[in-house]
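Okay, so here's the structure we're looking at.
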Amino acid sequence: MADTTGNTAASQVGEAESRPRKSSWRYIGPGIVVAATGVGAGDLVATLIAGSNFGYTLLWAAIIGCLVKISLAEAAGRWHLSTGRTLFDGWASLGRWTTWFFAVYVVIWGFVYGAAAMSSSALPLQALFPNVMDLEWWAIACGLVGLVFVWFNKYSVFEKVMTVLVGVMFVVTVYLAIRVTPNLGDAFAGLLPVLPDEKDSILNTLGLIGGVGGTITLAAYGYWVNAKGWTNTGWMKVMRLDNRVAYATTGIFVISMLFVGAELLHSANIAIASGDKGLIQLGDILEDEYGTATAKFFLIGFFATSFTSLIGVWHGVSLMFADFVTRYRTGEALKGEEVASGERERSWSFRGYLLWLTFPPIVLLFQGEPFRLIIIYGVLGAAFLPFLAGTLIWLLNTSRTPAQWRNGPLSNAMLAIAGLLFLVLCLKQIWDQPWADFF
């Protein structure tokens, strides 16, 4: 049935399908995918370090981060369902500048992110099986497995695998949060919006809010909604429930890791490295504190976290790229039914971008990251969320969207807050780049 499986709804589009579906847990799917993809190892490390540095003080900021992302993903999903058009088709209606921005972004971002995602997935595997092969070969293996899996499977299978891996992530993070015995009194106090009494506390707080739960994957949410078979306004209530489940799940992951940072690291004044290697250090600390079994259990969760981000991007961003190529070649409006049919997942552009994410980045695994490219990657990545928030405000407040589904005051306020937040973080990212060494 089109209600419960992906890629089958296109043949059943009609007036009956436009009747509102009752919001039901049995439909949940794209939200699980976006939560799993959006929360990578880097997000968990950032939250862990926040707990290590500030205890429970910034718990409120992590929760606000989830609420901000709910508004962005809901807006993307609402555009797809209310217009029947894809998000890239909406962007194209705003002018050619959106096409150029996306084209440059998706090519450079994919090249650098491919290497980062493969390395992140490889780290826990090398820690679990230290004498099997070098990190670079583990990374290549992860990339190839992701490539083969996404290449030969449609959305319905992809969603099921992501759900299993999310279950592993959930069990591991919640277990760790309980294992460290959080101070619930201090945790509740952390819900009050208080800034740490340290230098750059405002920027650190904004960084935590902005860093929770995804970047381009927020834009991919609407494509996963369509791939699930949801292509019209009859699915609006279901999509909104699905989206809330996504960021409730994200909130649980983030809060759990903040608890671990606050109790295990902050109380013992232990510092860990930023980036994925910080999680390897955490595994060593867990082994010293709670034994080998707990450490290995954590590494399994670390792998699930990293690999869901890998295959999520391999699938979701490839869908977006395929949409971009089709729109550019034909100049025609693109429909959500085409995504639901599975046609995009079989296209040469979808599979071409899969290859781009997998093979060229292998060079970076062996030769290191090129300095200038990393700077451009950082700037483009920081600019994407202001671009997403700003364009969604534009699209959802004009005649491009049916009047019934345009933004209300709350949606506009949340998207405006998100846009300003990400603009500040974007400017800081640009300012912090070593431009003197770039030229």
Side-chain angles (χ1 to χ4, degrees), residues 6-7 9-10 13 30 34 72-73 75-111 113 150-151 154-155 215-233 239 312-357 380-381 383-402 405:
N7 301 329
V13 175
V34 78
L72 284 166
R78 179 155 42 94
W79 166 265
H80 277 249
L81 296 182
S82 65
T83 66
R85 298 161 62 192
T86 63
L87 183 55
F88 186 80
D89 193 56
W91 286 339
S93 73
L94 302 178
R96 294 181 66 86
W97 66 274
T98 59
T99 299
W100 287 110
F101 174 82
F102 181 79
V104 174
Y105 172 82
V106 80
V107 170
I108 295 177
W109 182 88
F111 180 54
Y113 181 83
V150 175
W151 188 292
K154 293 186 179 181
Y155 174 81
T215 52
I216 195 172
T217 55
L218 291 164
Y221 178 64
Y223 289 85
W224 285 322
V225 163
N226 286 160
K228 179 74 170 176
W230 307 346
T231 57
N232 53 55
T233 55
M239 182 275 292
V313 166
W314 264 229
H315 187 275
V317 184
S318 296
L319 268 181
M320 295 181 69
F321 183 79
D323 200 25
F324 154 70
V325 171
T326 303
R327 181 65 167 76
Y328 182 77
R329 291 179 63 201
T330 66
E332 298 176 357
L334 303 173
K335 303 294 185 181
E337 286 91 345
E338 296 176 32
V339 180
S341 71
E343 179 182 341
R344 290 284 180 271
E345 293 165 280
R346 296 188 296 271
S347 68
W348 68 265
S349 49
F350 178 91
R351 290 175 171 174
Y353 194 72
L354 273 178
L355 296 173
W356 175 254
L357 284 167
L380 287 172
F384 184 80
L385 282 178
F387 167 80
L388 177 62
T391 53
L392 284 172
I393 291 174
W394 194 346
L395 291 170
L396 293 168
N397 282 286
T398 64
S399 59
R400 294 174 177 84
T401 302
W405 303 109

Next item on the list: Give the minimum heavy-atom separation between T217 and W224, together with the two atoms involved.
Entry: O-CZ3, 4.0 Å

Check: In Å, rounded to the nearest 0.5 Å, how long is the span from CH2 of W151 to OG of S318?
Finding: 10.0 Å

Next item on the list: To the nearest 0.5 Å, tell me how far W109 CH2 sits from L357 CG.
Entry: 7.0 Å

Checklist line | Step-by-step side-chain contact (heavy atoms from CB on, under 4.5 Å) determination, L87 to L395 | finding: CA-CA 9 Å; L87 183 55; L395 291 170; 4.1 Å; yes

Next item on the list: State, with a plain yes or no, whether a side-chain heavy atom of L81 is found less than 4.5 Å away from one of M239.
Entry: yes

Margin query: Do V339 and D323 have side chains that approach each other closer than 4.5 Å (heavy atoms only, starting at C-beta)?
Written below: no

Next item on the list: Supply the atom-to-atom distance L396 CG to S82 OG, rounded to the nearest 0.5 angstrom.
Entry: 6.5 Å

Item checked: Separation between CZ of R400 and OG1 of T83, rounded to the nearest 0.5 Å -> 11.5 Å

Note to self: Determine whether H315 and E345 satisfy the following criterion, side-chain contact (heavy atoms from CB on, under 4.5 Å), listing intermediate values before the conclusion.
What the structure shows: CA-CA 8 Å; H315 187 275; E345 293 165 280; 2.8 Å; yes

Check: Is there a side-chain hydrogen bond (donor to acceptor under 3.5 Å, both in side chains) between T231 and N226 once you walk through the steps?
Finding: CA-CA 5 Å; T231 57; N226 286 160; 6.0 Å; no

Check: Do the non-hydrogen side-chain atoms of Y353 and V106 ever get within less than 4.5 Å of each other?
Finding: yes

Notebook entry, point to check: Which heavy atom of W314 sits nearest a heavy atom of L354, and at what distance?
Noted result: O-CD2, 3.2 Å

Margin query: Could you check whether Y221 and H80 have their ring centres less than 6.0 Å apart?
Written below: no

Checklist line | From OG (S93) to CH2 (W394), nearest 0.5 Å | finding: 8.0 Å

Check: Taking all atoms of both residues into account, what is the closest heavy-atom pair of N397 and I393, and its distance?
Finding: ND2-O, 2.7 Å

Next item on the list: Quick one: sort the F101 and F384 rings into parallel, tilted or perpendicular, breaks at 30° and 60°.
Entry: parallel

Checklist line | Any donor-acceptor pair under 3.5 Å from D89 side chain to R85 backbone | finding: no

Notebook entry, point to check: What about F350 and F321, are their ring centers closer than 6.0 Å?
Noted result: no

Item checked: Donor-acceptor under 3.5 Å (R344 side chain, E338 main chain) -> no

Checklist line | Pairwise distance CE(M320) to OG1(T86) - rounded to 0.5 angstrom | finding: 9.0 Å

Checklist line | Nearest heavy-atom neighbours spanning G229 and A340 | finding: CA-CB, 4.2 Å

Notebook entry, point to check: If you take all heavy atoms of L218 and A73, which pair is closest and at what distance?
Noted result: CD2-CB, 4.1 Å

Checklist line | W91 ring center within less than 6.0 Å of F387 ring center | finding: yes

Item checked: Minimum side-chain heavy-atom gap Y223-F88 below 4.5 Å -> yes

Next item on the list: Compare all side-chain heavy atoms of P30 with those of W230 and state whether any distance is below 4.5 angstrom.
Entry: yes

